[in-house]
Amino acid sequence: MQYLSVETMPKLQGFEFWSRTLGGARHVVAPMVDQSELAWRLLSRRHGAQLCYTPMLHAQVFVRDANYRKENLYCEVCPEDRPLIVQFCANDPEVFVQAALLAQDYCDAIDLNLGCPQMIAKRGHYGAFLQEEWDLLQRMILLAHEKLSVPVTCKIRVFPEIDKTVRYAQMLEKAGCQLLTVHGRTKEQKGPLSGSASWEHIKAVRKAVAIPVFANGNIQCLRDVERCLQDTGVQGVMSAEGNLHNPALFEGRSPAVWELAEEYLDIVRQHPCPLSYVRAHLFKLWHHTLQVHQQLREELAKVKTLEGVVAVSRELRLRCQEDISRQKEGEKPSGSLPFSHWICQPYFRPGPREGSKEGGAARSKRALEEEEGITDILSKNKQKKQLRNPHKTFDPSLKPKYAKCDQCGNPKGSRCVFNLCRGCCKKRAFRETADCPGHGLLFKTKLEKSLAWKGARPQLQEAQQAGPGEASGFPEVVGSALA
């Protein structure tokens, strides 16, 4: 693909870009799928955030789907929502640049996601699962740096080794990355095995590169932000989980949950977004209260309209005010919470128990559940399914047993002549020119009919050349050949 050269004034780079375009931003809201939408970004900016990222966008979908572009970026243009960085996931230099060219007029920089550790990123071959492909990443950053009118930035995860992480960061800088966000966890640190982020890795990267660096990880309050800036020497600090539970984190405040919930819902009325986003935000904001008033959790999960969500949030506020009226003076919060449940505060993800590592390798989530004897407890998703269908069972022993395909292990067709599943049967029947009536595959029959038809064609031509009297027996010949 041919690209037009950008004939505008030279774009700012490195520290000049950070100080002038980004206004020297130190408080940054992370890119969060389905969570850092316009309404949430505006709420965060009102409460101390100086720079926001869009949710991660898929470069390939962004290029081919005009509706995707409209819904995720073009319709979210707002003067108050700057500076803004648009983040893409991609694994092809051409596709990444095509997407970035379509987005560059709506933002201040384009970010390449090299930090997503989820299974969907592994299947799609993007995010943190590209961190070993340095040649590909160099080509992606180099082409974007050359063709875009805005700077290109990267968000990465660390390697276990500090020196490899430093070389990784230096490679990206050399390719043209103008700002680097370092999440101080490896791609294996996720979910219940997240653990703590390594600020030592981030500090080493900051010392080794000549571009601005943002730190990500272990940020739950303003005190963490200030400590991270001091300990690592980075230019800014990015928050994800902390911001979701307390959007006023960068102000150093912990207000009543309903204050921020109502403000967010007011913004959503002005800047609508999918109801699933709104519901997810309220689950985060009201997380600790929903542990106390659990009956309202189901209500929040079931509502189908924005006004329904507003009503549940209003009811949660009333419940909290009743709890406040019953609270005795000087009474401390129950459990391990630093504040009462109606106050915005961090959520600390429960980690695996001590001794959950064996031979240096972390056990899987399923293994940890089995160790703790909680395999009989249904997940929330299964509980919802059972609520919709009370007769549904998740007991493996009660599930119907199927005979397995001899080749791939999938259930085989009960009438398959080869004892295979349909996929394997189709391949074998095609290869051997055979029939399988059980799967409706008739390769042999169709071939025989085709050959019979080809054999009958010369007789058809002779009959057409002969007179009507000479061809009187032809229909029987053709009919027998096609039978």
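Only this structure's heavy atoms are used, side chains among them; waters, hydrogens and symmetry mates stay out. Keep in mind the model is a prediction, meaning the values are calculated, not measured.
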A.B. asks: I'd like to know if the side chain of Q178 pairs up with that of T153 as donor and acceptor (distance under 3.5 Å, no hydrogens or angles considered).
C.D. replies: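 The criterion, which ignores hydrogens and geometry beyond distance, is not satisfied for T153 and Q178.
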A.B. asks: Could you check whether any side-chain heavy atom of V152 comes within less than 4.5 Å of a side-chain heavy atom of F96, counting everything from C-beta outward?
C.D. replies: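 Side-chain contact under 4.5 Å: yes.
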A.B. asks: When you compare the side chains of E263 and H47, does any donor N or O come within less than 3.5 Å of an acceptor on the partner?
C.D. replies: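 The answer is yes; a qualifying pair exists.
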A.B. asks: Do side-chain atoms of W18 reach the backbone of A25 as a donor and acceptor pair under 3.5 angstrom?
C.D. replies: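 Yes, the answer is positive, given that a donor and an acceptor are paired below the 3.5 Å cut-off.
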A.B. asks: Look at the aromatic rings of F62 and F88 and report parallel, tilted or perpendicular, splitting at 30° and 60°.
C.D. replies: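 F62 vs F88 ring planes: perpendicular.
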A.B. asks: Between R157 and G115, is there a donor-acceptor pair closer than 3.5 Å when you use the side chain of the first and the backbone of the second?
C.D. replies: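 Side chain of R157 to backbone of G115: a pair is present.
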A.B. asks: Are any of the side-chain heavy atoms of I110 and I85 separated by less than 4.5 Å?
C.D. replies: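 Result no, sub-4.5 Å side-chain heavy-atom pair not found.
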A.B. asks: Do Q98 and L101 touch side chain to side chain, with heavy atoms closer than 4.5 Å?
C.D. replies: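 Not in contact.
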A.B. asks: What heavy-atom pair brings P255 and A248 nearest, and what distance separates the two atoms?
C.D. replies: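 Looking at all heavy atoms of both residues, the shortest contact is CD-CB, 4.0 Å.
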A.B. asks: Please determine whether a side-chain nitrogen of the Lys or Arg among R319 and E315 lies less than 4.0 Å from a carboxylate oxygen of the Asp or Glu.
C.D. replies: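 Between E315 and R319 there is a salt bridge, with a charged N closer than 4.0 Å to a carboxylate O.
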A.B. asks: Indicate yes or no for a side-chain donor-acceptor contact from R185 to the backbone of G195 under 3.5 Å, with no hydrogens or angles considered.
C.D. replies: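 Present.
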A.B. asks: Can any side-chain N or O of S239 pair as donor or acceptor with the backbone N or O of V29 at less than 3.5 Å?
C.D. replies: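 Flag not set: sc S239 to bb V29 has no pair under 3.5 Å.
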A.B. asks: Is it true that the side chains of H287 and Q345 contain a donor and an acceptor less than 3.5 Å apart?
C.D. replies: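 There is no such pair (donor and acceptor under 3.5 Å, judged by atom type) between the side chains of H287 and Q345.
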A.B. asks: Any salt bridge linking E94 with K147? Criterion: basic side-chain nitrogen under 4.0 Å from a carboxylate oxygen.
C.D. replies: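 Salt bridge flag = no for K147 with E94.
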A.B. asks: Could you walk me through whether D105 and V150 pass the side chain to side chain contact (heavy atoms under 4.5 Å, CB included) check?
C.D. replies: CA-CA 9 Å; D105 293 338; V150 297; over 6 Å; no
A.B. asks: Dump the intermediate steps for side-chain hydrogen bond (donor to acceptor under 3.5 Å, both in side chains) on Q235 and R206, then the final yes or no.
C.D. replies: CA-CA 9 Å; Q235 279 61 54; R206 174 65 204 96; 3.2 Å; yes
A.B. asks: Does this structure show an ion pair linking R82 with D108, if we count only N-O contacts that are shorter than 4.0 Å?
C.D. replies: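 Yes, this pair counts.
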A.B. asks: Please work out whether the ring planes of H341 and H293 are parallel, tilted or perpendicular, with thresholds of 30° and 60°.
C.D. replies: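 Plane angle over 60°, so perpendicular.
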A.B. asks: Would you find a donor on one side and an acceptor on the other, under 3.5 Å apart, between the side chain of R297 and the backbone of Q291?
C.D. replies: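 Looks like no, no N/O pair under 3.5 Å.
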A.B. asks: Between the side chain of K190 and the main-chain N/O of P117, is any donor-acceptor distance below 3.5 Å?
C.D. replies: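 Yes, K190 side chain to P117 backbone: donor-acceptor pair under 3.5 Å.
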A.B. asks: Measuring only between side-chain heavy atoms, which start at C-beta, is L102 closer than 4.5 Å to R69?
C.D. replies: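 The answer is yes; the side chains approach within 4.5 Å.
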A.B. asks: Any sub-3.5 Å donor-acceptor pair from D34's side-chain atoms to Y277's backbone N or O?
C.D. replies: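 Here the side-chain-to-backbone pair does not exist.
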A.B. asks: Could you verify whether a donor N or O on one side chain and an acceptor N or O on the other, from Q50 and R45, lie under 3.5 Å apart?
C.D. replies: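 Result is no, nothing qualifies.
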A.B. asks: How many angstroms lie between atom CG of N246 and atom CG of L260, to the nearest 0.5 angstrom?
C.D. replies: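 The CG atom of L260 is 6.5 Å from CG of N246, to the nearest 0.5 Å.
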A.B. asks: Looking just at side-chain N and O atoms, do N72 and T54 make a donor-acceptor pair shorter than 3.5 Å?
C.D. replies: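 No donor-acceptor contact under 3.5 Å links the two side chains.
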A.B. asks: Could you check R314, R269, R317 and say which one makes a salt bridge (Lys or Arg N to Asp or Glu O under 4.0 Å) with E262?
C.D. replies: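 With E262 as partner, R314, R269, R317 yield a single salt bridge (Lys or Arg N to Asp or Glu O under 4.0 Å), made by R317.
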A.B. asks: Give a yes or no on whether the backbone of V61 and the side-chain of D65 come within a donor-acceptor separation of less than 3.5 Å.
C.D. replies: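 No; zero donor-acceptor contacts below 3.5 Å.
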A.B. asks: Is the closest side-chain heavy-atom distance between F283 and L300 below 4.5 Å?
C.D. replies: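 In short, these two side chains touch, coming nearer than 4.5 Å.
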A.B. asks: Answer yes or no: is there a donor N or O on one side and an acceptor on the other, between the side chain of S194 and the main chain of G191, under 3.5 Å?
C.D. replies: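 Here the side-chain-to-backbone pair exists.
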A.B. asks: Quick one: do the K155 and N216 side chains pair a donor with an acceptor below 3.5 Å?
C.D. replies: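 Judged by distance alone, the side chains do pair up.
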A.B. asks: Without hydrogens or angle criteria, can the side chains of S313 and W286 be said to hold a donor-acceptor pair below 3.5 Å?
C.D. replies: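 There is such a pair (donor and acceptor under 3.5 Å, judged by atom type) between the side chains of S313 and W286.
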A.B. asks: Under 4.0 Å between a side-chain nitrogen and a carboxylate oxygen: does that hold for R46 and E80?
C.D. replies: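 No salt bridge links R46 with E80.
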A.B. asks: In terms of the angle between their ring planes, are Y264 and W40 parallel, tilted or perpendicular, with boundaries placed at 30° and 60°?
C.D. replies: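 Correct class here is perpendicular.
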A.B. asks: Verify the neighbour count for atom CD of Q60: are there more than 12 heavy atoms of other residues, nucleotides or ligands below 6.0 Å?
C.D. replies: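 No - once you tally the heavy atoms of other residues, nucleotides and ligands closer than 6.0 Å, there are 12 at most.
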A.B. asks: Do L137 and Y168 have side chains that approach each other closer than 4.5 Å (heavy atoms only, starting at C-beta)?
C.D. replies: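 Result yes, sub-4.5 Å side-chain heavy-atom pair found.
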A.B. asks: Quiz question: by atom type and distance under 3.5 Å, do the side chains of Y126 and N91 form a donor-acceptor pair?
C.D. replies: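 On atom types as modelled, these side chains do not qualify, holding no pair under 3.5 Å.
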A.B. asks: Given 3.5 Å as the limit, does a donor-acceptor pair link the side chain of E173 with the main chain of A210, or not?
C.D. replies: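 Yes: the side chain of E173 pairs with the backbone of A210.
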A.B. asks: Work out which heavy atom in C177 is nearest to a heavy atom in I141; give both atom names and the distance.
C.D. replies: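 Scanning both residues completely, I find the closest heavy atoms to be N-CG2, 3.5 Å.
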A.B. asks: Do E132 and K164 meet the salt-bridge criterion of a basic N to acidic O distance under 4.0 Å?
C.D. replies: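 Salt bridge between K164 and E132, a charged N being under 4.0 Å from a carboxylate O: yes.
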